[in-house]
Novice: 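A single structure is presented below for examination.
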Amino acid sequence: MTGHEIRRRFLDYFKEKEHRIVKSSSLIPSSDPTLLFTNAGMVQFKDVFLGNEKRDYKRAVSSQKCVRAGGKHNDLEVVGRTARHHTFFEMLGNFSFGDYFKEGAIEYGWEFMTGIVKMPEEKLWITVYKDDDEAFRIWNEKIGIPADKIVRLGEKDNFWSMGDTGPCGPCSEIHIDQGEGIGCGSPECNVECDCDRFMELWNLVFMQYNRDSKGILTPLPNPSIDTGMGLERLSAVVQKVKSNYESDLLKPIITYS
Ligand code: SER
């Protein structure tokens, strides 16, 4: 599957599940002074999550152009050190605004990963926020992931915020074990390691709070879903190449002469 096909399959999969396909918004956020660049698919929906804006749909899907070169989500320092960061990328994401919540997001995520892009189940690992027993139970009991492949992690890895303020919540990530030949090579390497072996593919955020400038968390009017998966990362794995730069989305730019 080419990168363009993967993007199409993602949008079509969620369209079939009654999501509105929404175009990528500008890389310069139109009305958000807290961000220099759009850094996630949820940016154009921030006010919908906060309850300040109503749309005529409760489910959306997009492939959002993002830049992470500063601020809270800054990939600049790791470009060239990993095979998976490049500051500008496309984020595939599905969103629920007070509609489905954890169970729906996890079920869709798993079905897309294993049924549509055919990721090998045995290589997938799951992380959940340390005290999120509900997400743990859904993965374990409904999806059937063995308990020893669901790892509970803290705030740094499994609590997502767009910036110092704004919508946020605990999250659950789908990682793929790319095998011993990739990454740091340490016998201790595991899903918490920053190398490329256990690579995060998809982040499912359970949007539940608004964080204000004093750091106080207020519950959102409706629990919501915000997911994000790097198109170039997913393409590299599907195409069985070792680096995003070798995927068909980036390689033609590098070899252009
Ligand atoms: N907002 C989350 C992220 O950027 C999920 O889309 O990872």
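Every number for a ligand or one of its atoms is a count from 1 in the order of the listing.
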Novice: Do you know which of Thr127, Asp132, Asp133, Asp131 makes side chain to side chain donor-acceptor pair (under 3.5 Å) with Arg152?
Specialist: Asp133

Novice: Distance to 0.1 Å, residue and atom name: give those for the protein heavy atom nearest to atom 4 (O) of ligand 1.
Specialist: Arg68 NH2, 2.8 Å

Novice: My understanding is that only one of Arg84, Lys242, Arg233 makes a salt bridge (charged side-chain N to carboxylate O under 4.0 Å, His left out) with Asp196; could you say which?
Specialist: Arg84

Novice: Are Tyr100 and Tyr108 an aromatic pair by the rule of ring centers under 6.0 Å?
Specialist: yes

Novice: For ligand 1, which atoms, with element, lie under 4.0 Å from some heavy atom of Gly228?
Specialist: 5 (C), 6 (O)

Novice: Thinking salt bridges, do Lys46 and Asp226 make one under a 4.0 Å N-O criterion?
Specialist: no

Novice: Note the single closest protein heavy atom to atom 7 (O) of ligand 1, along with its residue, its atom name and the distance in Å.
Specialist: Asn203 ND2, 3.0 Å

Novice: Can you tell which part of Asp226 has a heavy atom less than 4.0 Å from ligand 1: side chain, backbone, both or neither?
Specialist: both

Novice: May I ask you to check if ligand 1 and Asn39 share an N or O to N or O distance below 3.5 Å?
Specialist: no

Novice: Test of understanding: given a 4.0 Å heavy-atom threshold, classify the contact between His73 and ligand 1 as side chain, backbone, both, or neither.
Specialist: neither

Novice: Taking 4.0 angstrom as the limit and counting only heavy atoms of Val205, give me the atoms of ligand 1 inside it, by number and element.
Specialist: 2 (C), 5 (C)

Novice: Charged N to carboxylate O below 4.0 Å: is that the case for Glu111 and Lys17?
Specialist: yes

Novice: Taking only Lys NZ, Arg NE, NH1 and NH2, and the carboxylate oxygens of Asp or Glu, determine whether Asp164 and Arg211 approach each other closer than 4.0 Å.
Specialist: no

